[in-house]
Enquirer: 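The structure that follows is given in the form of C-alpha cells.
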Amino acid sequence: MFPGHWLQFVEGHKLLGRSASVGEDADLSTLGAEMKFLTADQSSDELKNFWPGIGVAHDGFVPVASCLEGSGDYYYINSNDDPIGPLYRICHDAVGLDGYDAQSAVERVFDHYDSILRYVEP
C-alpha cells in the first residue's frame, strides 16, 4: 500500500504508531497538526473503506497519519509526487460521491514530508 520511499522513511525512523505535534506557525496551512502515523494495514483500510480515502485514491493520495484532534481529516502523501514530496491534509467533509475540489479539499502541511521529523514525539 505505501510507496517504497514512504515505507523506508517510516521504518527507518521508527515512526509507525508514533505521534507528532506541529504548531500553527510550522504548518503551511496554518492550522497546526496533531497526528499519529498509520501502519500499512490501517492506511489500506482507510483508503478502501472510508472517506475521504475512497474519493482521493484514484488521484494517488495515500493516507499516512490520522488526526488526534478528532477532526476526521487524515494526512496524506501522493504516490505521483517525487520521493520526499509534500505532506497533505485532506478535509474529510470536502470529498464525496460527486468528487472534490482540490483547491478547497487538499491542504499542504509541509513541502517535504521529512520535515515532520522535528515534531515527532519521543
Side-chain angles (χ1 to χ4, degrees):
M1 170 58 36
F2 287 149
H5 59 86
W6 176 260
L7 187 58
Q8 186 176 27
F9 174 72
V10 294
E11 286 181 349
H13 295 283
K14 298 177 176 60
L15 298 178
L16 297 176
R18 293 178 64 193
S19 302
S21 181
V22 181
E24 295 171 358
D25 57 329
D27 176 352
L28 294 174
S29 73
T30 69
L31 294 176
E34 299 289 333
M35 66 182 75
K36 183 174 183 179
F37 294 97
L38 301 175
T39 65
D41 287 342
Q42 291 168 323
S43 175
S44 180
D45 187 44
E46 179 65 27
L47 198 61
K48 295 175 182 175
N49 298 312
F50 299 99
W51 292 88
I54 294 168
V56 299
H58 66 279
D59 289 329
F61 288 102
V62 178
V64 296
S66 63
C67 175
L68 292 175
E69 294 179 320
S71 71
D73 298 339
Y74 275 67
Y75 297 88
Y76 290 75
I77 58 170
N78 192 303
S79 60
N80 298 316
D81 291 336
D82 292 330
I84 314 294
L87 179 68
Y88 305 95
R89 176 188 302 105
I90 298 183
C91 302
H92 75 282
D93 56 357
V95 180
L97 293 173
D98 295 328
Y100 67 100
D101 173 31
Q103 295 284 11
S104 60
V106 180
E107 301 168 330
R108 194 177 285 232
V109 177
F110 291 118
D111 285 330
H112 305 284
Y113 64 69
D114 61 349
S115 298
I116 195 69
L117 289 175
R118 68 185 79 138
Y119 305 100
V120 175
E121 298 176 358

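FYI, the numbering just counts along the sequence from 1.
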Enquirer: Do the two ring centres, one from H5 and one from F9, sit under 6.0 Å apart?
Expert: no
Enquirer: Does a donor on one side chain and an acceptor on the other come within less than 3.5 Å for Y100 and D59?
Expert: yes
Enquirer: Quick check: do I90 and D73 have side-chain heavy atoms less than 4.5 Å from each other?
Expert: no
Enquirer: Please tell me if the side chains of V22 and I116 come closer than 4.5 Å, counting only heavy atoms from C-beta onward.
Expert: yes
Enquirer: Which of these passes side chain to side chain contact (heavy atoms under 4.5 Å, CB included) with W51: D93, L97, V56?
Expert: L97
Enquirer: Please examine the side chains of I77 and F2, heavy atoms only from C-beta on, and report whether any two atoms are closer than 4.5 Å.
Expert: no
Enquirer: Taking S29 for its side chain and V109 for its backbone only, find out whether a donor-acceptor pair lies under 3.5 Å.
Expert: no
Enquirer: Is the backbone N or O of L87 less than 3.5 Å from a side-chain atom of R108, with the two atoms forming a donor-acceptor pair by type?
Expert: no
Enquirer: Does some side-chain heavy atom of P83 sit less than 4.5 Å from a side-chain heavy atom of Q8?
Expert: no
Enquirer: In Å, rounded to the nearest 0.5 Å, how long is the span from CD1 of I54 to CG of N49?
Expert: 6.5 Å
Enquirer: Check whether any side-chain heavy atom of R89 lies under 4.5 Å from a side-chain heavy atom of D27, and answer yes or no.
Expert: yes
Enquirer: Within a radius of less than 6.0 Å around CG of N80, do more than 12 heavy atoms belonging to other residues, nucleotides or ligands occur?
Expert: yes
Enquirer: Check whether any side-chain N or O of H92 sits under 3.5 Å from a backbone N or O of Y74 as a donor-acceptor pair, and report yes or no.
Expert: no
Enquirer: Which distance, rounded to the nearest 0.5 Å, do you find between the CG of D41 and the CD of E46?
Expert: 13.5 Å
Enquirer: Say whether S21 and E34, considering side chains only, have a donor N or O and an acceptor N or O under 3.5 Å apart.
Expert: yes
Enquirer: If you measure from CE on M35 to CG on L68, what distance do you get to the nearest 0.5 Å?
Expert: 8.5 Å
Enquirer: Could you point out which residue of Y113, Y76, Y75, F61 forms a ring pair (Phe, Tyr, Trp, His ring centres under 6.0 Å) with Y88?
Expert: F61
Enquirer: Between S79 (side chain) and G60 (backbone), is there a donor-acceptor pair under 3.5 Å?
Expert: yes
Enquirer: I need the L16 CG to K36 NZ distance, nearest 0.5 Å.
Expert: 11.0 Å
Enquirer: Are side-chain heavy atoms of S66 and L38 found at a separation under 4.5 Å?
Expert: yes
Enquirer: Does I84 offer a backbone N or O that forms a donor-acceptor pair with the side chain of D114 under 3.5 Å?
Expert: no
Enquirer: Please walk me through it: do L117 and H13 pass side-chain contact (heavy atoms from CB on, under 4.5 Å)?
Expert: CA-CA 8 Å; L117 289 175; H13 295 283; 3.6 Å; yes
Enquirer: For atom NE2 of H112, decide whether the heavy atoms of other residues, nucleotides or ligands shown that lie under 6.0 angstrom number more than 12.
Expert: no
Enquirer: Just verifying a value: how many Å separate R18 CZ and E121 CD, rounded to the nearest 0.5 Å?
Expert: 9.0 Å
Enquirer: Quick one: do the Q42 and T39 side chains pair a donor with an acceptor below 3.5 Å?
Expert: yes
Enquirer: Would you say that D111 contacts L28 through its side chain, given a criterion of any heavy-atom pair below 4.5 Å between the two side chains?
Expert: yes
Enquirer: Identify the heavy atoms of A105 and A94 that sit nearest to each other, and give their distance.
Expert: CB-CB, 3.6 Å
Enquirer: When rounded to the nearest 0.5 angstrom, what is the spacing between OG in S43 and CZ in F37?
Expert: 13.0 Å
Enquirer: In the single-linkage hydrophobic clustering (I, L, V, M, F, W, Y; side-chain heavy atoms under 4.5 Å), do V95 and F50 co-cluster?
Expert: no
